[in-house]
Structure formats: C-alpha cells, structure tokens
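Below is one structure; the comments refer to it alone.
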Amino acid sequence: MKFASSQPSYIPPEPFRWLGAKITMYALDTLDEKRGWRVPWVRMVERMGFPVTQK
C-alpha cells in the first residue's frame, strides 16, 4: 500500500495538529449525511499524504 511505503507531508506542531485532527474527524463522521465543505477538506487531507478514506 502506498501509505505504508511513503512519508506524509509536513505535519504542523501542536495545537494546529490537534485542531486539524479534530476537524478531519468531524468531517469524516458527517461526510455522508451533510457533504458541503467536508468533501474538499477530506480531499485536501488525502493530497497531503494521509489516506483517510477507502478507494
């Protein structure tokens, strides 16, 4: 799998890392029912090198 053999992009320091993780988890929890800004957010996180959805 690609994510197992590559390094993710730059990970910001705390508290930005915590805030990004909270926003991402909320986006994933409500992605199917609400959509909106969540789809572009999840795509951005995946482009940064963090696989958060199954393809």
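Owing to the predicted nature of the structure, the values given are computational and were not obtained by experimental measurement. Residue numbers start at 1 and run along the sequence shown. The basis for the numbers below is simple: all heavy atoms, side chains too, and nothing from hydrogens, waters or symmetry mates.
Counting non-hydrogen atoms of other residues, nucleotides and ligands closer than 6.0 Å to CZ of Arg17 gives a total above 12.
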Working for side-chain contact (heavy atoms from CB on, under 4.5 Å), residues Val42 and Trp37: CA-CA 9 Å; Val42 170; Trp37 61 269; over 6 Å; no
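Leu31 CG to Thr24 OG1: the interatomic distance, rounded to the nearest 0.5 Å, is 11.5 Å.
Taking every heavy atom of both residues into account, Trp41 and Gly20 meet most closely at CZ2-O, 4.2 Å. Here the closest non-hydrogen pair linking Arg38 and Thr30 is NE-OG1, 2.6 Å.
At a threshold of 4.5 Å between side-chain heavy atoms, the hydrophobic network of Ile, Leu, Val, Met, Phe, Trp and Tyr places Val52 and Phe16 in two separate groups.
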